[in-house]
Protein chains: 2
Amino acid sequence: MAMCKSHGQDSSYFIGWQEYEKNPYDPIQNPSGIIQMGLAENQVLVSFMAEIRRKKVKFDPKNLVLTAGSTSANETLIFCLAEPGEALLIPTPYYPGFDRDLKWRTGAEIVPIHCYSSNNFRITESALEEAYEQAQKLNLTVKGVFITNPSNPLGTTMSHDELNILITFAMAKNIHIVSDEIYAGTVFDSPKFISIMEALIDRKLEKSKMWNQVHIVSSLSKDLGLPGFRIGMIYSNNETLIAAATKMSSFGLISSQTQYLLSKILGDRKFIKRYIKENKKQLIHRREMLASGLANSGIKCLESNAGLFCFIDMRDLLKSNTFEAEMELWKKIISDVGLNVSPGSSCHCSEPGWFRVCFANMSKETLDLAMQRISNFVNSEGNLLPNFQQQPPLVAATGSRRIRTIANWVVKLSSGEGRTDR
Amino acid sequence: MAMCKSHGQDSSYFIGWQEYEKNPYDPIQNPSGIIQMGLAENQVLVSFMAEIRRKKVKFDPKNLVLTAGSTSANETLIFCLAEPGEALLIPTPYYPGFDRDLKWRTGAEIVPIHCYSSNNFRITESALEEAYEQAQKLNLTVKGVFITNPSNPLGTTMSHDELNILITFAMAKNIHIVSDEIYAGTVFDSPKFISIMEALIDRKLEKSKMWNQVHIVSSLSKDLGLPGFRIGMIYSNNETLIAAATKMSSFGLISSQTQYLLSKILGDRKFIKRYIKENKKQLIHRREMLASGLANSGIKCLESNAGLFCFIDMRDLLKSNTFEAEMELWKKIISDVGLNVSPGSSCHCSEPGWFRVCFANMSKETLDLAMQRISNFVNSEGNLLPNFQQQPPLVAATGSRRIRTIANWVVKLSSGEGRTDR
């Protein structure tokens, strides 16, 4: 679609506009000067993108397209890259919304790249090849690999090795890479985050064909905790794609006063630096609260260094090693324990027993309460785990009135990073 | 697509959300009360919709979906109603952007309903039937008629008769009607504007199948002169469509602070009433300036009562009755006269020689200047028209220095109602 001319903007109606824009009007200062409508925040946004990527990559404002949120950015990229019936390969587990965002209106297909806990859900060459072969069996032309780095739901960043395997694979198959990097600003621990663009530069691929086949999605929803602003971005070195995406951005523009407010916020470099620093500190603390709280109940988290969530291992609590048992456990966690977490199966995880648990969208007190509830659950239901450490019963700590209230609570651990549903 | 389940939101991930939302959290006031994220401006928006439609129709907030601008609203409706290769019938002339907005990503087709100046470009039964037959010849399933009322580029409102012909036709064919009513708030003269919804009610069709097959697009860009806000709306009595459109609105949400600001503006009912009244007064005045200015040069405007533009008749200035001659004249108007107007052919007008001229996006002085230039052009180029009234030459009035400046000017008459390109 990026290559196709059917968008109708070559009409004389629009050409007339361009003619005007070459020679615009101001009655006093510059009778032939163009009237700037809307604001050009691209410069301040690429500076911010570079900032959260440790300035390893120089981003060019002309390669950036603004969209109303990353949901729109992702869909726009798929509209540009794939025709109906063509496929994207996506490592599992992945954000459940992609089934809507990437497939629904574009008609594109998703073929999973199956990753497993045995290597902490890392991408391997063989997993990529298997997915590619699977697509071929299904008669689907593969147009690209779509990664989320840092990963949602894993909370992990991709290693240099993984990125290199991916790039080598994409070059061999002559396909695109879309890297959804909306959690780049949430990396709170080592190893450092490596953007796909940085990985390309490290391999000196600036002059290669691949340079034009890699596209980044970014956002301020997680990086700055501004989901209500609906600021998504597409970054690409591919001029044709950027031109098409710019036209498509008409379907979801950001209001001018939001852009204005944004420019003021991002223009305050000191504030931004302090915000990022403080945010990381808080995330480390919350992540540690969650991990140690769960450890008390004998539940392990996948090791992670980013994101607002952990991927937790509840395989020992399954009645059997099946997705049916996972759903049964999940229903119990919602209704009996009163926690809304996301089952791994909703993220197309290839193994039953994993759950995504968010830790950044509630007070410390609520997080404590959630840990207590899990502890009670593991304790009371004959779910005693090998590493379980006995906790004082909740009743003693809270009193009977509070208990009644708590029974009505559902603590939301699965998401709620604001207004969006990621 | 509105009927289809492939949007992936039945995943347990989203069901978990719904469970949470049934029983939400507040630690003090209502431990089981839902946290409202984003603002619900639907009530204030349906009140506004009713206001500019003389309160003839009662709009229900639950039938409204907000989108980031009417461009997105239009595309969303087509995604809901038509599969790739299915068709919408659209009366000519129509807004050139529809070729992009309605067709590009949806894969839907547009079949023109040819309207002619002989009856002031009104829709007739035979024109509708001809378009329908044409679609059948092209093997296209017709899913609906898409009208713009008030019309862009005509600046006219549809009569009761026209709306009735249209409704009867849609009922007979069992197809949808989409009514783009984004200029409803710009109606400045009689006859009064009749919304498609009002026409349905007048015919007591509330219980008919048609009641669920009529959908309105509205916006604040023209009604309130707020194009930068990017506020579009879909209104429909069709629950299935509203549900699908609500899901699609994820691809173009309005930022929460824009919604907040909007609720403050629309909440001031007195201001809104005064704004609408004053706006109409100004539009009448500008339209009169344009019409009389053009009449001085012997050029007629199509009679109109709405919009920010007139459709003007320059057929007498064509070298031949062809679209080639229209393009030649248009190029001359841009380069020699220094006016950016839109040729009728860009709006798929069925007759050469018509141009859309905007009058509301410039100062009175600029509008005067534009009229002077047209007068000079008609006078100087041997284009003398039968009704031409001699004007003093521009040089005498402005002096030579100004003339040089003017030569570099392109006065933008074709559009520029703000940030969007309609």
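Letters A, B, ... are given to chains in the order of the sequence lines, protein chains preceding strands, and every chain is numbered from 1. Treat the numbers as computed from the prediction; the structure is a model and nothing was measured. Below, all heavy atoms of this structure are taken into account, side chains as well, without hydrogens, waters or symmetry copies.
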Please name the pair of heavy atoms, one in A68(A) and one in G252(B), separated by the smallest distance, quoted to 0.1 Å.
CB-CA, 4.1 Å
When rounded to the nearest 0.5 angstrom, what distance separates OG in S255(B) from CD1 in I231(A)?
7.0 Å
Using every non-hydrogen atom in the two residues, find where F251(A) and R100(B) come nearest and quote the distance to one decimal.
CZ-O, 4.0 Å
Which atom pair, heavy atoms only, marks the closest approach of A244(A) to W104(B)?
O-CH2, 3.6 Å
Answer with side chain, backbone, both or neither: which region of F79(B) has an atom nearer than 4.5 Å to a non-hydrogen atom of chain A?
side chain
R230(B) side chain near R230(A) side chain, heavy-atom distance below 4.5 Å:
no
To the nearest 0.5 Å, what is the distance between CZ (R105(B)) and NZ (K247(A))?
13.5 Å
Distance check, rounded to the nearest 0.5 Å: T258(B) atom OG1 versus Q259(A) atom CD?
10.0 Å
Supply the atom-to-atom distance S250(A) OG to E75(B) CD, rounded to the nearest 0.5 angstrom.
10.0 Å
